[in-house]
Amino acid sequence: MCITVMNTGSFKIRGVVNQLENLTDDAKEGKRRLVTMSAGNYGKAFAIGLHTIGLNGMVLMPLNAPKVRRTIIESYGMTVETMETNELQPCVDKYVKEDNMMYLHSYDDANLIAGHASLGYEIMEDCDPDVVVVCCGGGGVLAGVACAIRMAGNTKCRIYGVEATEGSNTFSFHHQNCFLILNFFHVILAPTMHQSFETGRPSSLDKKPTTIAAGLAPPYAGQMTYDICKEYVDEILLVTDDEIRKAMKTLYHMGLVVEPSGCAAFAAYRCGKIPDISDKCVVVVLTGGNVTPHEVDTLLSMH
């Protein structure tokens, strides 16, 4: 099952629109500049949203974010600064404190999560899911989808988040009863939410991410997203870069161009990591399509 691909190439605009609807008056009037941090997809939605309503902002990006994402964000009039992942939050805090900027969080924000919840409601309008599988970076869309499903009274549906870890495995692919939701977005893979589930509190990224997905590696798991996911999400699953590449290639041969970070949920499904799905209605959310032809060619040719 497919839904219309968002014009920003990802789901992020759902949350951004709701954030912009709830700005303070001084921010709406352009008297207070907006700042955020993003590896690409949120930054792109942020830039398009602000450009549409005539505002300017700043996007702080990790050094490993694809350069094409920076170019796109700058094309909408945003200022972009790049730095190491562990420097992003301190830099945001500095701008908020010293320059009185307003920080729009790219995942740990109530208005953002509420906007992403619209995806969960759309899933339930289309089917009665037994299992829903969602990629997880900071956890904003996972939290939103989980909230929508649980608050609608559906307690039987199992909800899984998927992050990436290093390693390589090969599994067979089964596609029976799988619904593909295309609501593209960009995510880098480092298992902060998985670690948070293990430790019982939000965890931070303790090393520089090295995976191929450039958006699932936030510097830390948000307190809000962690609390929601811990209550409503059954489990956080892990996939390897090799499994992501193979999932991306499978989707490509099906006519679907999905970026590596957007393939994580499908990689878990493809590799048989989701338990008890025989004869079940399974919804797999493909979360990002912001990838260039060169990147596709490079990733699909890797071994």
Side-chain angles (χ1 to χ4, degrees), residues 6 8-13 15-16 34-51 57-95 103-109 112 135-141 163-166 184-193 204-222 241 244-245 248 257-264 287-299 302:
M6 310 298 285
T8 60
S10 83
F11 71 91
K12 298 287 187 179
I13 195 65
V16 168
L34 302 173
V35 63
T36 192
M37 59 181 182
S38 169
N41 276 359
Y42 177 85
K44 181 179 177 182
F46 174 90
I48 292 174
L50 264 62
H51 179 78
M58 175 181 287
V59 181
L60 308 182
M61 304 184 70
L63 289 171
N64 61 339
K67 291 181 180 179
V68 67
R69 312 295 191 270
R70 173 176 180 166
T71 301
I72 292 171
I73 291 168
E74 289 177 328
S75 74
Y76 287 98
M78 303 299 115
T79 302
V80 175
E81 293 185 4
T82 58
M83 61 201 68
E84 295 289 353
T85 299
N86 61 2
E87 298 173 355
L88 292 169
Q89 189 63 57
C91 190
V92 167
D93 295 340
K94 177 176 179 290
Y95 279 121
Y103 176 33
L104 291 191
H105 205 294
S106 57
Y107 54 91
D108 204 39
D109 178 272
L112 180 91
C135 302
C136 179
V141 71
E163 294 184 299
T165 187
E166 297 178 355
F184 283 40
F185 70 171
H186 186 73
V187 275
I188 221 171
L189 300 156
T192 53
M193 190 63 73
S204 299
L205 195 62
D206 56 4
K207 64 177 181 177
K208 185 176 180 179
T210 58
T211 64
I212 61 172
L216 289 184
Y220 55 84
D241 276 5
I244 290 170
R245 274 192 295 269
M248 185 179 179
V257 179
V258 186
E259 64 187 270
S261 10
C263 292
T287 55
N290 285 315
V291 60
T292 66
H294 175 71
E295 289 170 335
V296 171
D297 182 63
T298 300
L299 289 164
M302 293 174 68

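Values below: every heavy atom of this structure, side chains too, minus hydrogens, waters and symmetry copies.
Of all the heavy atoms in Ala164 and Pro191, the pair that sits closest is O-CD, 3.2 Å. Across Ala221 and Tyr107, no two heavy atoms sit closer than the pair C-CE1, 4.4 Å. Scanning both residues, Met193 and Gly139, for their nearest heavy atoms gives CE-CA, 4.3 Å. Closest heavy-atom contact between Ser38 and Pro62: O-CD, 3.3 Å. Cys136 and Glu163 make their closest contact through O-CG, 3.2 Å (heavy atoms, listed as atom of the first residue, atom of the second, distance). Across all non-hydrogen atoms, the minimal contact from Ala65 to Ala39 is CB-O, 3.3 Å.
The line from OH of Tyr103 to CG of Asp109 is 9.0 Å long, rounded to the nearest 0.5 Å. Once rounded to the nearest 0.5 Å, the distance linking CE of Met78 with CZ of Arg70 reads 14.0 Å. Of the inter-residue distances, the one linking Gln89 atom CD with Ser204 atom OG reads 10.0 Å to the nearest 0.5 angstrom. We find the OG1-CZ distance between Thr298 and Arg245 to be 11.5 Å, quoted to the nearest 0.5 Å. Going from atom CD1 of Ile72 over to atom CD1 of Ile48 covers 8.5 Å, rounded to the nearest 0.5 Å.
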Please evaluate residues Leu63 and Glu84 with respect to the criterion side-chain contact (heavy atoms from CB on, under 4.5 Å), reporting the C-alpha separation (whole Å), side-chain torsions for both, the decisive distance (0.1 Å), and the verdict. CA-CA 6 Å; Leu63 289 171; Glu84 295 289 353; 3.5 Å; yes
Criterion side-chain contact (heavy atoms from CB on, under 4.5 Å) on Met61 and Ile73, from CA distance to verdict: CA-CA 10 Å; Met61 304 184 70; Ile73 291 168; 3.9 Å; yes
Between Met83 and Leu60, does the side-chain contact (heavy atoms from CB on, under 4.5 Å) criterion hold? Intermediate values first, please. CA-CA 8 Å; Met83 61 201 68; Leu60 308 182; 4.1 Å; yes
Given Lys44 and Lys12, is the side-chain contact (heavy atoms from CB on, under 4.5 Å) satisfied, shown in steps? CA-CA 8 Å; Lys44 181 179 177 182; Lys12 298 287 187 179; over 6 Å; no
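For the pair Met248/Val296, a side-chain contact is recorded, criterion being any heavy-atom separation below 4.5 Å from C-beta on.
Partners of Thr82 under the side chain to side chain donor-acceptor pair (under 3.5 Å) rule, at least two apart in sequence or in another chain, do not exist in this structure. Judged as a side chain to side chain contact (heavy atoms under 4.5 Å, CB included), and not counting sequence neighbours, the contacts of Ser106 are Thr36, Tyr42. Residues satisfying the salt bridge (charged side-chain N to carboxylate O under 4.0 Å, His left out) test with Glu87, not counting sequence neighbours, are none. With sequence neighbours excluded, no residue satisfies ring pair (Phe, Tyr, Trp, His ring centres under 6.0 Å) with Tyr95.
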